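Below is one structure, written out as structure tokens; comments come after it.
Naming convention: chains lettered A, B, ... in sequence-line order (proteins, then strands); numbering from 1 in each chain. Model, not experiment: these values are computed from the prediction.
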Amino acid sequence: MLLIDCPHCGPRDEVEFHYGGQAHVPYPEDPYALTDREWAEFLFYRDNPRGPFAERWQHSVGCRKWFNAVRDTATYEFLEVYPMAAPAPSAGGGLTGNGPVGSGSTRSGPVGSGSAGSGSA
Amino acid sequence: MHLRRSPAHGAAAEMAAASVAGPPGVMLREIAFAPQLGVRTVPGSASASRIERALGVSLPSSVGETTGDPDALHCVWISPDEFLTIDVSRTQEHGEAGAVAAALDDDRPGAGRVPGQVVDLSGNRAILELTGPSARAVLEKGCHVDLHPRAFPVGHAVSTLVGPVPMIVHRSHGETFRLLPRSSFAQYTVRWLIDAMLEFRTIRA
Amino acid sequence: MTAGRVGPDCSPGHGIDRTAPITVTVDGRPMAAFAGDTVASAHIASGRLSCGPSLYLSRPRGIVAAGVEEPNALLTVDARTPGGPSESMLPATTVEAVEGLSARWLQGMGVLDPLGDDAYYDRKYVHTDVLIVGAGPAGIAAAREAAKTGARTVLVDEQSMPGGSLLSGRGETVDGVDAVAWARTALERLTGQPDFAYMHRTTAIGSYDANYVVAVERRAADVDTPAAPGVPRERVWHIRAKRVILATGAHERPLVFADNDRPGVMLAGAVRTYLNRYAVAAGKNIILATTDDSVYGLLEDLHSAGIAVPLVVDSRPEPSARARAALEATGARGAFGAAVVGTSAGADASTEVGTSEGVGTSADGQADAGDEGRVTAVSFAPVDEFGRPSGDVETAAADTLAVSGGHSPVLHLHTQRQGRVHWDESLAAFVPEAPVAGQAVVGSANGAVSLGVALEQGAHAGHSAAAETGARGPLVVPTASAVAPGPVRPLWLIAAPHGSAAPGSPDRDGGPGESDLGESAASDGRSGVGDSRDDRPGTSDDEDDDAAFAPERWSTHFVDLQRDQTVADVLRAIGAGMRSVEHIKRYTSISTAGDQGKTSSVNAMGVIASLLEDADPASVGTSTNRPPYTPVAFAALAGRRRGELYEPARVTNIHPWHVAHGAEFEDVGQWKRPRYFPRTDEDMDAAVLRECAAVRTTVGFQDVSTLGKIEIRGTDAPEFLNRIYTNGFAKLPVGRGRYGLMCGADGMLFDDGVTMRLAEDRFLMTTTTGGAAGVLDWLEEWHQTEWPHMDVFFTSVTEQWNTIAVAGPRSRDVVAKIAPDIDVSNEAFGFMEFREAQLSNGIPARICRISFSGELAFEVNVSAFYGLAAWELVAEAGEEFDITPYGTETMHVLRAEKGLVIIGQDTDGTVTPHDAGMGWAVSRLKDFIGKRSFQRADTVRPDRKHFVGVLPVDGVTRLDEGAQLIAAGTPVTPEAGPVPMIGHVTSSYVSAELGRPFGLALVENGFNRMGEIVQSPVDGTLVDVEITSSVFIDPEGKRRDG
Amino acid sequence: MADQLPEHPAFLWRNPDPKPSYDAVIVGGGGHGLATAYYLAKNHGMTNIAILERGWLAGGNMARNTTIIRSNYLWDESAAIYEHSIRLWEQLPEELDYDFLFSQRGVLNLAHTLQDVRESRRRVGANQLNGVDAEFLDPDQVKEACPIINVSDDIRYPVMGATYQPRAGIAKHDHVAWAFARAIDAMGVDIIQNCEVTGFIKDGNRVVGVETDRGRIGAGKVGLAAAGHSSVLAERAGLRLPIQSRPLQALVSELFEPVHPTVVMSNHVHVYVSQAHKGELVLGAGVDAYNGYGQRGGFHIIEDQMAAAVELFPIFSRAHLLRTWGGVVDTTFDASPIVSPTSIDELYVNCGWGTGGFKGTPGAGYTFAHTMATGSPHPLNEPFLLDRFETGHLIDEHGAAGVAH
Ligand SMILES: Cc1cc2nc3c(=O)[nH]c(=O)nc-3n(C[C@H](O)[C@H](O)[C@H](O)COP(=O)(O)OP(=O)(O)OC[C@H]3O[C@@H](n4cnc5c(N)ncnc54)[C@H](O)[C@@H]3O)c2cc1C
Ligand SMILES: NC(=O)c1ccc[n+]([C@@H]2O[C@H](COP(=O)([O-])OP(=O)(O)OC[C@H]3O[C@@H](n4cnc5c(N)ncnc54)[C@H](O)[C@@H]3O)[C@@H](O)[C@H]2O)c1
Ligand SMILES: Cc1cc2nc3c(=O)[nH]c(=O)nc-3n(C[C@H](O)[C@H](O)[C@H](O)COP(=O)(O)O)c2cc1C
Ligand SMILES: [Zn+2]
């Protein structure tokens, strides 16, 4: 049960939140200027690092606000939590990989916002 | 009046029967038909001050905070731009949101329309009241938020989960918690609470 | 002196109440016990040690331990309440004895009771400043220091009473008073404090991120009393702590020698616990075997209880000061630099030696019926500097062999949080490398071997933990007489006394070491199978070695008693090529049983290291501790999530009416929606036909309150909706509504609904029932994360309104009656318009002209308080038109006749608006979410699956929803390879209006197949199906206006 | 007295040091890497190959999965590859001469809502036409197939039916890995453990070797079969994959005498369960919500799973939870795998099997070996290339994979 420090409500248990995948992935300025490959990148390709990862969370049963966090995907430790509008912290180094870094204008692909269902086996 | 049905309507008798008086008591009842307004605005903005003027109560400024009178009109912080006002001293009337909403649409010269939203939500959430020395213990069976008086003093309110149900939990008085689930969850919430209260009935017996 | 219960003069009996005698029964044999006993202590008190035989080898086994680490003694405890379930796989050492309890020994495998479990279980979420796990001296000292500062403090301990290892000892003092009394008093004092809680019988089973500890509390000693209603049998605590202190103690390890599994071979600490806590002597003639100083307290205690201890076998070459003193005081013989090399059982052995009659052997020397195979004699021999037996083997009679192979700190909760451990050579134990952030590990768990150090560590940790949460108080460290512990000399593997070399000795050439493997691999990287087979231990050119590693010589050296695995099994795994402890664990199953290796895992590492000639157990790697620390019943974890509380059922305010009128319900998301309203003797088909006919010919009404409703306000609201919906909303006139489609960014349909414009800057959006929450989230997500500058707010009003659909040719009459103020004529009240109205009974309402059936229809929205009253009003007003309530099934049929999609039924996340035949609702002019995806190669394919109608040609067959479709003439021979499918039926009904079954389908290139006959395999035959338009009735839409 | 599992062979594999170069290197010694090596050797005659495994062999998801094997997938492309896989499973015990306890005890996928029923019937229909054994059972038939299921209709989500695939079942995961390992070792493949690939050596756009923590190893071809870690590896080659790695948990009970004759899966209440050969109940549940490589997840997921298990199987009430653990699963947007060449020459990926790749082990190995050996996909994995994300021709198996629409 992660403890997630909502920038508005303070630390709350993971069950109150909704995960939104990689942060800082803006909706393309002009989708029609993109090749199918580039559009596919926007839709389906997200960074997936082992280590610090800038990602989006929504405090879904609390204030319903989206915010960003840098979390270590190996240790699960939250390194930073910051509002949607703030730029990616430099602290994480290569944390956003080759994803486009926007000015707080972010967008998750369907992967990020897909609900976690049951394992299938 | 007889036309109205509150969300926990059918459960009143069960709630009364499940209630336990005296230490380690806990009682459950519904507060029916209280007017509730959903308010969307950013405190400090022109919209907010118009709303505050129209409401007659200021908007809380941070998580947990409530303003106003818990026994009459009060306002719960939900998010930096979302609030819920509740007046437990009255019964909702038609057009409940009208006057306050109108403040946003003010078309008098020099006023003008401002952003924001005010909506009548009186039927949207049930208001259940859990009272007594064991009220906190009952809620702790499903509430992830710290309810210790140091962390959750009188007047504190948050949106969280109780069991599987999202709701607002408001400590209106020392041993009194108001629970505001969406109306469709009222029946389940009542069942859940009655079940959680069973232990205290047993202890007394 | 007899084995069994001893008197108060011989034992403090810290844990039992001699004034409260009870009787428990095991395998039908009644045993006298006292309150405070466990079934294990009662069993030993009754003169026996034996439990069920071993899992696979059926070897006789006895009780080994006195706590959760017990590997052998597993019970099924019979139901305590009539009709209740039994519970299996409970260690006898943890089952508290209560009056009337009846249990049976198991052979390592449980039996599930088919009765299920009606007992009550629940859960608590609590927060604390400081959580301390373990109420031994270290934990109590920590709790004292933390609690006195006023910091919120919780102390949990799995045992029924505080004191931890203190209960096993005697004569120790803390701050000058008896240590057990000190523990009790300390807790009594704390218990008065408002923010302190001591929870006994509470096991911390798992430690999770950010100091989230899950603990299971067992309510009472009684494993299954008829609990009063609402009082849980077990309660699962979810504890979020600012600071965690682990004072979980240590588990003693057995020794690995031949026949080390006989009944009577017990952990020395357990023998001591039975003696001092339960006043039970495990035997009459007890030999001790050890690798450190820890058994000498036991020696003294046994001696003063009058129990014979002829011999202590100690691996260390020289007696420590402690050992010397104890041996002198008790007169026991000390064999130093020696190890036990085997045990034997039976009359022959017991005749050999013996000042005393063996216990478990009756006076005539015959084994007691209950204790077959019990130890009667112990063989021991000197060991050389490598731990190999090297000298004459001596044999001594004993009925009990109390062994101590060292202590393993209990670090499960530490490592579950990825806390590191390292091998401490001087302790021969894994100890924490450093505590996890926000935690401390103290006492034996942290390698403290003396009471004084444990107290000191505990007190300091409690003090600083509180201080770190902002609570301060003076630090007081309890004192105890300090005894400097002597050295430790671990023994991992003790060869049987055949006079041959022990494994692991460095002077042995060609052994199975890693270095040899490295060499052979390096010299010939592609060495064949044959070569590496030689790397197996036991195969080398040294004949002695061969013999030394012959598996049969190691087949009674048990490493894991519960899984019946021996050194021979480990040898075999290594021989197979396995080097990692993880592989050997899985090959042998060592440490995977109910005890999860509490007594076996470090020994297994030691054995592996010895066989591989590694220096210490750490070099073979540790295996992972996983929650739970001790097993937990599924039902306890399910808690109150059973039956009607399993998951919320959401209902509308009108629900009671539906129930009263016999509705059958359908689950839609969490909602309960009426599916149909059968009359007496009607089945679903009949009811639905009747309901459909009512709507098509007169009037019906449905509770559609569950549809999502979102109120939207803002100057940018029109533009926002334009981006969200595939069709345009900016130009929608005030006072009107429009049907809209939503797609994901991938261009696939995910929701639909009608949105009405209430004012220039206000809209009311409706969504599907199941999609309501998702759509609100979708709007918020795009607004907050992508377009925060837009002036628009969203508020869910789903539950603020109850909505009643009134549909059918006579719906206008009904609405006219209930809303006399408004002109409901077609001219005055157009399709997709709405009116504010007051109902005839005074209820304010908003009435819309919306149709999901193709018929003239209205939706009446009232504030939820009035939902039921409005519904009853409609019912009453409609009576003269024979108004009929209908459910979702009828609604589905009606809309299907009109060819309207149900998102999620007729679509599956792979359907675009064009595929669904709704290209008309896709704007060419503006951009919207998903539009770009329509340009992808796969979405521009002309032969995608299209939404069409299907009519079974025979006019009578109703296809299954989900039925597949194939082109006519396709041979159906799946044996010969996949049969190409062209689509499937998404919806299928019998239509009252059409007088026949019909359906909807997604069919490859369907729009270009109109009139084509395709086939559907139904129960082994092929049914001809015609592809048609999806609109079956009133294609011109004339009925809509009545 | 309980029966012990069949004894393992006395010899499994060598522990060689890496050679300077191989014709092909497979990164990842899980089931898929092992099976790939096997079919490279068996079908394509390539034996001068190595498997590089950073930890202990098959210690990743292969060690952690609930071992369910079935092929009753919805779409033709999936049914084809998974059914091929089952057919390989059916012959492997003999072919590998290893009794890895492949037990075709059948799998029930429960339906709890009307929509579940529709989807189940759709899937059964498709399966039958695709040559996959499948039938739809009503609640009484469900009860017959698995008598311990609660099919009463007064529970919150009553069982409304189920799909049943009789040829589906389970196998003992570790033994499967060891069976492959023994076979490839005997064929001369080097299994190199404790050897982490840290980078790729390229000549222009062609991969020619890998960097490892045990030095550089040359390779004519490199195949990634690193499951949960594919993205991390691919990034080192400058390649981005449409994969998100998530924790998936599972658990076992203590040993109990056999009560559960088949395999039961319920997507709706999120639990699946079988009883393994030794006697432990093996249960799996939902994926944790966030990306994570920690091989662990939250306890609330376990509790949800326990609640669902007890609702469906009252007999499990007093079964004891013995151990919980997690793996790292590589999820894709359409819940279908990727078995594909990449934009880098001679670098191939096999990933995205998510929560269901154990059953695909032989099928993945078979097709991936073909792809690596020939440079182009086998018809069975043709639909599972990376380009589908570009064209939009996804194979959306969320229904079958368990994410409800
Ligand atoms: C809890 C759980 C339950 C599951 N249940 C089922 C089920 O019932 N049925 C089913 O079909 N599937 C199931 N799965 C999915 C299945 O386990 C996986 O899809 C499958 O195991 C993946 O293939 P693999 O065996 O090759 O992966 P893995 O065993 O994970 O192999 C990948 C290997 O790559 C190694 N590696 C990673 N990085 C490097 C590097 N840099 N260098 C060298 N080596 C590296 C890893 O150490 C690992 O050993 C389940 C998964 C989990 C976690
Ligand atoms: N090597 C040795 O010589 C040796 C060995 C053992 C004990 N000791 C002595 O033992 C004492 C150590 O005291 P201590 O306080 O560190 O340990 P302790 O063993 O006295 O107390 C630990 C307590 O924690 C409980 N516990 C363990 N795990 C738990 C869990 N997950 N949940 C709930 N309860 C749990 C145990 O049941 C026990 O009551 C000292 O006096 C020391 O000298 C010495
Ligand atoms: C099908 C299956 C059955 C298992 N049975 C047991 C078992 O009986 N006892 C046990 O301790 N672990 C069992 N495990 C779990 C493993 O011990 C271990 O937790 C898993 O391989 C993950 O490794 P880790 O926990 O060491 O990270 C089983 C795992 C699987 C996949
Ligand atoms: Zn918040």
So for L645(C), is it side chain, backbone, both, or neither that comes closer than 4.5 Å to the heavy atoms of chain B? both
Does this structure show an ion pair linking R150(B) with D195(C), if we count only N-O contacts that are shorter than 4.0 Å? yes
For a side-chain contact (heavy atoms from CB on, under 4.5 Å) check, start with the C-alpha distance between K141(B) and R123(C), then their side-chain angles and the critical distance, and finish with the verdict. CA-CA 5 Å; K141(B) 296 185 183 188; R123(C) 197 181 288 176; 5.9 Å; no
Taking all non-hydrogen atoms of both residues into account, name the closest pair between V165(B) and P648(C) and its distance. CG2-CG, 4.1 Å
Go through the atoms of N841(C) and report whether side chain, backbone, both or neither lie under 4.5 Å from a heavy atom of chain B. both
Sub-4.5 Å side-chain heavy-atom contact between S863(C) and E96(B): no
Using a strict cut-off of less than 4.0 Å between a Lys/Arg side-chain nitrogen and an Asp/Glu carboxylate oxygen, indicate whether D195(B) and R642(C) qualify as a salt bridge. no
Tell me, side chain or backbone of T128(C) under 4.5 Å from chain B's heavy atoms, or both, or neither? neither
Quick one: does H127(C)'s side chain have a donor or acceptor within less than 3.5 Å of a partner on H144(B)'s backbone? yes
Could you walk me through whether E199(B) and R235(C) satisfy the side-chain contact (heavy atoms from CB on, under 4.5 Å) test, starting with their C-alpha distance in whole Å, then the side-chain angles of each, then the deciding distance to 0.1 Å, before giving a yes or no? CA-CA 12 Å; E199(B) 168 183 10; R235(C) 171 173 278 172; 2.8 Å; yes
Winner by heavy-atom pair count (cut-off under 4.5 Å) against chain C, out of Q187(B), Q36(B), H94(B), H9(B): H94(B)
Are side-chain heavy atoms of F865(C) and L3(B) found at a separation under 4.5 Å? no
Relative to chain B, which segment of L873(C) carries a heavy atom at a distance below 4.5 Å: side chain, backbone, both, or neither? neither
Are the side chain of R5(B) and the backbone N or O of A869(C) linked by a donor-acceptor pair below 3.5 Å? no
For the pair E780(C) and R40(B), find out whether any cationic side-chain nitrogen is under 4.0 Å from an anionic carboxylate oxygen. yes
Under a 4.5 Å heavy-atom cutoff, which of A32(B), G163(B), A196(B), G116(B) has the most pairs with chain C? G116(B)
Does Q800(C) reach the main-chain N or O of N124(B) with its side chain, forming a donor-acceptor pair under 3.5 Å? yes
Which portion of E644(C) sits near chain B, non-hydrogen atoms under 4.5 angstrom: both
For the pair Y125(C) (side chain) and V145(B) (backbone), establish whether a donor and an acceptor sit closer than 3.5 Å, ignoring hydrogens and angles. no
Heavy atoms only: give me the nearest S184(B)-W671(C) pair and the separation to one decimal. CB-CH2, 3.3 Å
Could you check whether R650(C) and Y188(B), counting side-chain N and O atoms only, form a donor-acceptor pair closer than 3.5 Å? no
Quick one: do E140(B) and K124(C) make a salt bridge, cutoff under 4.0 Å? yes
Counting heavy-atom pairs under 4.5 Å to chain C, which of Q92(B), M197(B), R191(B), R113(B) comes out on top? R113(B)
Can you tell me which portion of L104(B) sits under 4.5 Å from chain C's heavy atoms? Options are side chain, backbone, both or neither. both
For chain C, which candidate among P7(B), A137(B), S122(B), A186(B) shows the most heavy-atom pairs at distances under 4.5 Å? S122(B)
If you measure from the Lys or Arg side-chain nitrogens to the Asp or Glu carboxylate oxygens, is any gap between D105(B) and R762(C) under 4.0 Å? no
Between E799(C) and R125(B), is the closest basic N to carboxylate O distance under 4.0 Å? no
Note, R152(C) side chain near D146(B) side chain (heavy atom, < 4.5 Å): yes
Turns out that what part of V126(C) lies under 4.5 Å from chain B's heavy atoms comes down to side chain
So do the side chains of R182(B) and T798(C) get within less than 4.5 Å of each other, counting heavy atoms only? no
Check whether D716(C) gets within reach of chain B through its side chain, its backbone, both or neither, counting any heavy atom under 4.5 Å. neither
Could you check whether any side-chain N or O of Q117(B) sits under 3.5 Å from a backbone N or O of E711(C), counting only pairs where one atom can act as donor and the other as acceptor? yes
With a cut-off of 6.0 Å (strictly less than), are more than 12 heavy atoms of other residues, nucleotides or ligands near CG of D106(B)? yes
